[in-house]
Asker: 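Sharing a structure with you now.
Computed from heavy atoms alone, side chains included, the values below leave out hydrogens, waters and symmetry copies. Because the structure is predicted, anything quoted here is derived from the model rather than measured. Reminder, nothing fancy here: chain letters follow the sequence lines and each chain counts from 1.
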Amino acid sequence: MSPNEFQLRAALRDGEGDRVDPDLVIAQARGMQQARHDRRVRYGSVAAVVAVVGGIGVIGGITLQDGGHAKSGSAAGAKRPASIHNGAKSVPTELPDESIAPGPKRDARAVRCPSTAPSLALPGGGGSGQFGAHESLFSGPVEAVKVCVYSGDGSATGGTPPSTELTGQNATELATSLDSAATTRPQSSDCPSQTAPETRTLVVIGISTAGQAMRPVVVTLTCPGLATNGTAIRYGWTPPARLAEQLPQLGANTGPTGKVSGSPIRS
Amino acid sequence: MRDEAGFRTFVEANGTTLLHAARLLTGDHHRGEDLVQGALTKVYLKWDRIDAPLAYARKALVTGHIDSTRRRWWGERPTEVLPDAPGVDGLVASDERDELRRLLGELNPRERAVVVLRYYCDQSEQDTAAALGIPVGTVKSTCARALARLRVEAAASMGSQS
């Protein structure tokens with residue numbers, strides 16, 4: 001057989017006649033519509049929940065970040081803090097606004113020392129490599145610095161810590177020496193097994209060339225010495241010899257004394 | 001609001017033709033019903049938005065058929081035991097028409113679609129090309145190739161019977 005067009009058409013038409021039930025089609029289409037609608041509602045609900053949770057997370061993150069800046073004592077005016085804790089939460093203490101907050105141009109003498117040394121929680125527990133840890137301790141060139149001296153626990157005898165103001169080259173030298181200190185934590189073996197019980201905490205408040213007080217830099221002179229403004233960290237700082245003379249409050253406590261706690265006193 | 005009355009009228013007027021075309025395309029009674037059901041469902045869902053429902057239904061039919069013949073990673077897997085091949089409506093071809101229908105099932109999906117649209121649905125080459133989404137020249141060449149294969153196969157079949 002060699003089919004011609006007529007035969008082909010006839011063969012194709014053979015057997016037709018069954019009808020299609022439109023109700024079945026409509027029922028199936030409605031089922032598909034319903035399933036599609038349910039799927040959209042389900043995905044929409046999930047998307048809404050994700051959006052809400054994400055929004056809460058973002059708002060919470062921003063709030064925490066703002067709180068974190070305030071807690072770490074930003075140049076805009078931190079109002080809390082005590083002594084330095086490695087990763088521990090700060091204990092809020094009173095810090096006079098005018099001691100560190102920016103304001104009209106002032107000299108170092110006009111800056112008041114806080115009654116207690118600010119407590120700055122070190123980023124990442126004070127470990128190396130934290131974001132901003134290698135930055136300068138001061139937000140810019142300093143024209144003057146006020147150095148407030150506290151006991152090791154950050155308190156001041158009589159409520160008012162002794163302080164010294166440095167200006168000009170002395171201030172710059174102090175700031176430079178702080179910034180030049182080591183940015184990595186020294187090995188524990190670098191410190192004597194027992195350090196002197198007498199320690200000092202310094203709060204160094206830089207005054208910019210515009211007369212604005214900068215974030216306070218808290219310096220502990222125990223081994224390893226630690227200096228931080230809440231973000232940047234330096235280790236093992238000792239004051240330059242020339243400046244040590246101008247900082248009589250530091251006394252001989254800039255390093256280990258060699259005296260061992262509990263040992264007989266050698267005279 | 002969807003015009004259900006209009007859709008019912010459309011199905012009653014064209015459902016038989018579409019169902020038979022679907023059976024010719026698939027070569028199987030039940031798969032043809034499934035195919036036309038799916039195509040008409042698509043027509044129903046877009047009923048208010050399509051101007052030429054019959055052309056849309058034919059296009060949905062042939063594209064649905066060609067899609068169903070494509071191998072998918074989640075689809076059929078090779079097997080050592082061959083399943084029963086579907087005959088034409090499950091019946092053994094006994095005369096020339098049945099023989100032609102059987103041979104039609106041996107064409108590839110696109111050739112079969114071209115033959116069904118051209119010689120069963122009486123579509124022009126342009127309409128067939130539009131329904132399949134291929135150039136008119138491809139329709140012509142595919143149709144000629146399909147008819148040639150049908151002639152050769154039919155001649156061979158007749159020769160073997162005599």
Side-chain angles (χ1 to χ4, degrees), chain A residues 1-65 124 127 129-131, chain B residues 2 4-5 7-24 29 32-33 36-47 88-89 91 93 95-104 115-116 118-122 146-147 150-159 161:
Chain A
M1 185 193 84
S2 180
N4 57 32
E5 194 171 311
F6 174 78
Q7 288 173 316
L8 180 58
R9 288 182 191 276
L12 292 175
R13 285 194 159 71
D14 188 36
E16 68 177 357
D18 289 346
R19 297 165 59 87
V20 178
D21 185 357
D23 291 330
L24 277 179
V25 176
I26 291 172
Q28 180 177 348
R30 285 182 177 161
M32 282 178 64
Q33 273 184 318
Q34 185 63 39
R36 192 181 294 173
H37 177 261
D38 291 346
R39 205 162 48 240
R40 281 182 184 157
V41 168
R42 194 163 54 246
Y43 290 160
S45 303
V46 171
V49 168
V50 168
V52 168
V53 170
I56 290 172
V58 168
I59 291 170
I62 290 170
T63 307
L64 284 176
Q65 196 174 21
Q130 297 300 318
F131 178 77
Chain B
R2 215 178 291 275
E4 283 194 8
F7 179 75
R8 284 175 197 277
T9 306
F10 168 77
V11 173
E12 284 164 4
N14 301 290
T16 303
T17 309
L18 289 170
L19 175 59
H20 193 66
R23 285 174 177 166
L24 290 173
H29 187 95
E33 286 184 348
V36 78
Q37 181 94 358
L40 288 174
T41 300
K42 289 179 184 172
V43 172
Y44 177 81
L45 292 173
K46 294 202 172 183
W47 182 252
V88 178
D89 291 349
L91 300 174
D95 58 11
E96 291 180 356
R97 288 179 179 176
D98 288 341
E99 182 65 12
L100 268 178
R101 298 269 294 275
R102 187 186 66 77
L103 294 175
L104 183 67
V115 170
V116 170
R118 290 281 289 118
Y119 296 106
Y120 176 69
C121 299
D122 293 325
L147 291 178
L150 284 175
R151 289 193 183 101
V152 170
E153 295 288 336
S157 176
M158 290 295 291
Q161 284 179 10

Asker: Is it the backbone or the side chain of B:L18 that comes under 4.5 Å from a heavy atom of chain A, or both, or neither?
Answerer: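 Contact with chain A involves no heavy atom of B:L18 at all.
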Asker: When you compare the side chains of B:E33 and B:H29, does any donor N or O come within less than 3.5 Å of an acceptor on the partner?
Answerer: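 Present: a donor and an acceptor within the cut-off.
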Asker: Checking side chain to side chain donor-acceptor pair (under 3.5 Å) between A:D38 and each of A:R36, A:R42, A:Q34, which is the one that passes?
Answerer: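 With A:D38 as partner, A:R36, A:R42, A:Q34 yield a single side chain to side chain donor-acceptor pair (under 3.5 Å), made by A:Q34.
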Asker: Mind checking the CZ-CG spacing from B:R23 to A:D18? Nearest 0.5 Å is all I need.
Answerer: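 Here the interatomic distance stands at 4.0 Å.
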Asker: So which heavy atom on A:A29 is nearest to which on B:L45, and how close?
Answerer: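 Closest heavy-atom pair between A:A29 and B:L45: O-CD2, 3.9 Å.
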Asker: State, yes or no, whether a side-chain contact exists between A:V52 and A:V49 at a heavy-atom distance under 4.5 Å.
Answerer: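 A side-chain contact is absent here, since even the closest heavy-atom pair is not under 4.5 Å.
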Asker: Hey, can you tell me if B:H20 and B:Y120 have their rings parallel, tilted or perpendicular (30° and 60° cut-offs)?
Answerer: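 Tilted, since the angle between the ring planes falls between 30° and 60°.
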Asker: Which atom pair, heavy atoms only, marks the closest approach of B:Y119 to A:R13?
Answerer: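 Here B:Y119 and A:R13 meet closest at O-NH1, 3.7 Å.
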Asker: Does any backbone or side-chain atom of B:F10 lie under 4.5 Å from a heavy atom of chain A? Answer side chain, backbone, both or neither.
Answerer: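 It is neither, since no heavy atom gets under 4.5 Å.
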Asker: Considering only heavy atoms, which portion of B:L24 lies under 4.5 Å from any heavy atom of chain A: side chain, backbone, both, or neither?
Answerer: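 Contact with chain A involves the side chain of B:L24 alone.
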Asker: Can you name the residues of residues 19-26 of chain A that have some heavy atom under 4.5 Å away from a heavy atom in chain B?
Answerer: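 Result: A:R19, A:V20, A:P22, A:D23, A:L24, A:V25, A:I26.
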